[in-house]
Engineer: 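Take a look at this one; I'll ask things after.
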Amino acid sequence: MRSLAAEAAVYLVAEEPEYSRLAARLLAQAIRREAAYQGAVSFPASVATGHRLGLIADRTAAFVAGHAERLDALAEEAVVSGADDRFGYFGLRTLHSRYLLRHPVTRDVIETPQHFLLRVACGLADESSGRALEEVAELYRLISTLAYLPSSPTLFNSGTRHPQMSSCYLLDSPGTSWTRSTSGTTRSRACRSTPAASGCRSRGSVRGGRSSAAPTATPAASCRSSRPWTPRSRPSTRAA
């Protein structure tokens, strides 16, 4: 019912933009209800559900279990302070359809927007620093206020069993062996892009014009010993 009410409010956005906030609030309530059906009634419960379903990493689940009370208080404080109201409807709908973890069978979400953002912060915590909980609290404050958001690979994978969180890779450009290095670089870029990361290609090793093609050749020798390339001549159409 709340989802239908949210859709009805969306139709009125063209007349009054503030209906986007109303639609987002109704959708947020529907998301919380959907997650509660899966047992995700709190942040620790959401992480425990994801861990049981094989979605959340062991390290993240242990960290949350060890600081359950404090972390749940962070999420609740954010909701009370209106963190969900910072989303417009279309932003929240994108979050619901693409970013929130889902039950592998029912496909219902198992986390709310604030549980999702706090899970991302926990997945980035450095437990060896001794200040992991303080770091999570500060990072979550920035994320929940939308002052900072990590890139999509981090949002997708932080705290999960798939730890790839890089957004962009720097790949070297082809070297002297053009065919071999080009195919290798392309294959590497395709493999790295699979988990939502992009790639940049360095041009530092590309040879300049008239430079040597091999360590044993000099530019001058190459020019004298090589026949200049010319297009294949076409048969003349003029009369003999």
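None of these values were measured; they are calculated from a predicted model.
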Engineer: Checking H67 side chain against R70 main chain: does a donor-acceptor pair fall under 3.5 Å?
Structural biologist: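 Such a contact is absent between H67 side chain and R70 backbone.
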Engineer: Treat each ILVMFWY residue as a node, draw an edge where side-chain heavy atoms are under 4.5 Å apart, and state whether V41 and L71 are in one component.
Structural biologist: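 No.
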Engineer: What do the steps show when you test V109 against Q38 for side-chain contact (heavy atoms from CB on, under 4.5 Å), and what is the final call?
Structural biologist: CA-CA 8 Å; V109 297; Q38 302 301 320; over 6 Å; no
Engineer: Would you call R102 and D108 a salt bridge, taking side-chain N to carboxylate O under 4.0 Å as the test?
Structural biologist: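 Salt bridge between R102 and D108, a charged N being under 4.0 Å from a carboxylate O: no.
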Engineer: Identify the two heavy atoms, one from L101 and one from E111, that lie closest to each other, and give their separation to 0.1 Å.
Structural biologist: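 Answer, listing the atom of L101 first, then E111: N-OE2, 2.8 Å.
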Engineer: Do L118 and I143 have side-chain heavy atoms sitting under 4.5 Å apart?
Structural biologist: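 SC-SC contact between L118 and I143 ruled out.
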Engineer: Nearest heavy-atom pair of S158 and G123: which atoms, and what distance?
Structural biologist: OG-CA, 3.3 Å
Engineer: Rounded to the nearest 0.5 Å, what separation is found between the OG1 atom of T49 and the CD1 atom of I110?
Structural biologist: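 If I round to the nearest 0.5 Å, the distance is 6.0 Å.
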Engineer: If you measure from CZ on R32 to CG on D84, what distance do you get to the nearest 0.5 Å?
Structural biologist: 5.5 Å
Engineer: If you look at every heavy atom in S81 and A78, which pair is closest and at what distance?
Structural biologist: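 Answer, listing the atom of S81 first, then A78: OG-O, 2.9 Å.
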Engineer: With side chains defined as the heavy atoms from C-beta onward, is the minimum distance between Q114 and R119 less than 4.5 Å?
Structural biologist: no
Engineer: Is the closest side-chain heavy-atom distance between R141 and L74 below 4.5 Å?
Structural biologist: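 With C-beta onward as the side chain, the pair stays apart.
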Engineer: Do the side chains of L27 and F87 get nearer than 4.5 Å, heavy atoms only?
Structural biologist: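 When only atoms from C-beta onward are counted, L27 and F87 do not touch, as no gap falls below 4.5 Å.
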Engineer: When rounded to the nearest 0.5 angstrom, what is the spacing between SG in C122 and CZ in F43?
Structural biologist: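 Answer rounded to 0.5 Å: 4.0 Å.
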Engineer: Could you tell me if the side chain of Y89 sits less than 4.5 Å from the side chain of L22, heavy atoms only?
Structural biologist: no
Engineer: Dump the intermediate steps for side-chain contact (heavy atoms from CB on, under 4.5 Å) on I31 and L92, then the final yes or no.
Structural biologist: CA-CA 10 Å; I31 292 173; L92 188 59; 4.2 Å; yes
Engineer: Is the shortest heavy-atom distance from the side chain of R161 to the side chain of I56 under 4.5 Å?
Structural biologist: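 Counting from C-beta outward, R161 and I56 never come under 4.5 Å.
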Engineer: Which value, rounded to the nearest 0.5 Å, describes the distance between D72 atom CG and E77 atom CD?
Structural biologist: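 Going from the CG atom of D72 to the CD atom of E77 covers 10.0 Å.
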Engineer: Would Y37 end up clustered with L100 when hydrophobic side chains under 4.5 Å apart are linked, directly or stepwise?
Structural biologist: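 Each belongs to a different hydrophobic cluster.
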Engineer: Hey, what do you get for CZ (R107) to CD (E34), rounding to the nearest 0.5 Å?
Structural biologist: 10.5 Å
Engineer: Measure the shortest side-chain to side-chain distance between D85 and R25 over non-hydrogen atoms and say whether it is less than 4.5 angstrom.
Structural biologist: yes
Engineer: Hey, what do you get for CZ (R59) to NE2 (H51), rounding to the nearest 0.5 Å?
Structural biologist: 12.0 Å
Engineer: If I compare all heavy atoms of S144 with all of L117, which pair ends up nearest, and what's the gap?
Structural biologist: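 S144 and L117 have their closest heavy atoms at CA-CD1, 4.1 Å.
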Engineer: Taking the six-membered ring for Trp, are Y99 and F156 parallel (under 30°), tilted (30 to 60°) or perpendicular (over 60°)?
Structural biologist: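 It falls in the parallel class, under 30°.
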Engineer: Are Y148 and L146 connected in the hydrophobic side-chain network, where two residues link if heavy atoms are under 4.5 Å apart?
Structural biologist: yes
Engineer: Taking all heavy atoms of L139 and all of A121, pick out the closest pair and write down the distance.
Structural biologist: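 The pair with the smallest heavy-atom distance is CD2-CA, 3.9 Å.
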Engineer: State, with a plain yes or no, whether a side-chain heavy atom of T112 is found less than 4.5 Å away from one of S46.
Structural biologist: no
Engineer: Under a 4.0 Å N-O cut-off, is there an ion pair linking D126 with R131?
Structural biologist: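 Salt bridge flag = no for R131 with D126.
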Engineer: Find out if a path of hydrophobic residues (ILVMFWY) with successive side-chain heavy-atom gaps under 4.5 Å connects L133 to V120.
Structural biologist: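 Result: yes, single cluster for both.
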Engineer: For A45 versus G39, what's the shortest heavy-atom pair and its separation?
Structural biologist: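 Reported closest heavy-atom pair: CB-O, 3.5 Å.
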